[in-house]
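Written below as structure tokens is the structure these notes are about.
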Amino acid sequence: GNSVTQMEGPVTLSEEAFLTINCTYTATGYPSLFWYVQYPGEGLQLLLKATKADDKGSNKGFEATYRKETTSFHLEKGSVQVSDSAVYFCALKLGQGAQKLVFGQGTRLTINP
Amino acid sequence: SAVISQKPSRDICQRGTSLTIQCQVDSQVTMMFWYRQQPGQSLTLIATANQGSEATYESGFVIDKFPISRPNLTFSTLTVSNMSPEDSSIYLCSAAGMSGTSTDTQYFGPGTRLTVL
């Protein structure tokens, strides 16, 4: 079946550290890939996406590259801030248009000043 | 992106009762979805809310337990029926295909935090 596996959390880093949150997927076909972020007490927000192999999504200093050969979509940021503390969800979508999202289990990130 | 609101934002309910959650989008959208996020867990799709027809439910979810309405292109409701403590979750609606955006991307409401005693 289709599934998403994320790096287990929680992850705790110091401000200005380099961040990587691993995400790998299993899918029949060629999915679109997404990272969503959930800040404390808020709903999910789309952070970035990539719709085909080798695409790089980026937003707010975060980046993720769609790697078909390793079925991965790792999230990276060069220098994290306290305000990046949140839960991050990797997700995939199969097919064209609006279809259901399959989410990973989420990774809780805490950034200490 | 569209603004998506949900009401109520949270509620505490007694077992055996039902709660209806409303989701309002500020523009017409092609698709609306309802997800559940159980405590400490990821999101699971309950159903796709179809405008003018019955919702499409995912495996493990049934209409009698989670009736859904979508009377127009901007509004949907999810009812959690005959609640038990196991229904305590955050319920989120999402929408895709609003004007000017790709149907590829879903935008989420803030969620409704439900606690069943």
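Being a predicted model, the structure only gives us computed values, none of them experimental. Below, chains carry the letters A, B, ... as their sequence lines are ordered, and counting in each starts from 1.
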Expected contact set for residues 101-109 of chain A against chain B at heavy-atom separation under 4.5 Å reads A:L101, A:F103, A:G104, A:Q105

- Judged by atom type as modelled, is there a donor-acceptor pair below 3.5 Å linking the side chain of A:S85 to the main-chain atoms of A:I111? yes

Please indicate whether A:E8 has more than 12 foreign heavy atoms, meaning atoms of other residues, nucleotides or ligands, lying under 6.0 Å from its CD. no

Donor-acceptor pair, B:Q106 side chain versus B:F33 backbone, under 3.5 Å?
no

Using a 3.5 Å distance criterion without hydrogens, assess whether the side chain of B:K65 forms a donor-acceptor pair with backbone atoms of B:N82.
yes

Heavy atoms from other residues, nucleotides or ligands near OH of A:Y30 exceed 12 (cutoff 6.0 Å): no

request  = Would you kindly say whether B:Q37 and B:S42 are connected by a side-chain donor-acceptor distance under 3.5 Å?
outcome  = no

Okay, A:Q6 and chain B: the region with an atom under 4.5 Å from a heavy atom over there is neither

Under 4.5 Å to a heavy atom of chain A? For B:L45 that would be side chain

If you count heavy atoms of other groups shown closer than 6.0 angstrom to CD of B:Q38, is the number above 12? yes

If we ignore angles and hydrogens, is there a donor and acceptor under 3.5 Å between the side chains of B:N50 and B:T56? yes

If two hydrophobic side chains count as joined below 4.5 Å and joins carry through other members, does A:V11 share a cluster with A:Y88? yes

Answer yes if the side chains of B:E86 and B:S84 hold a donor-acceptor pair under 3.5 Å, and no otherwise.
yes

Bottom line for B:E58: the part with an atom under 4.5 Å from chain A's heavy atoms is side chain

Please check this pair: side chain of B:S81 against backbone of B:S18, looking for a donor-acceptor N/O pair closer than 3.5 Å.
no

Taking a cut-off of under 4.5 angstrom between non-hydrogen atoms, the residues of residues 44-67 of chain A near chain B are A:L44, A:L46, A:K49, A:T51

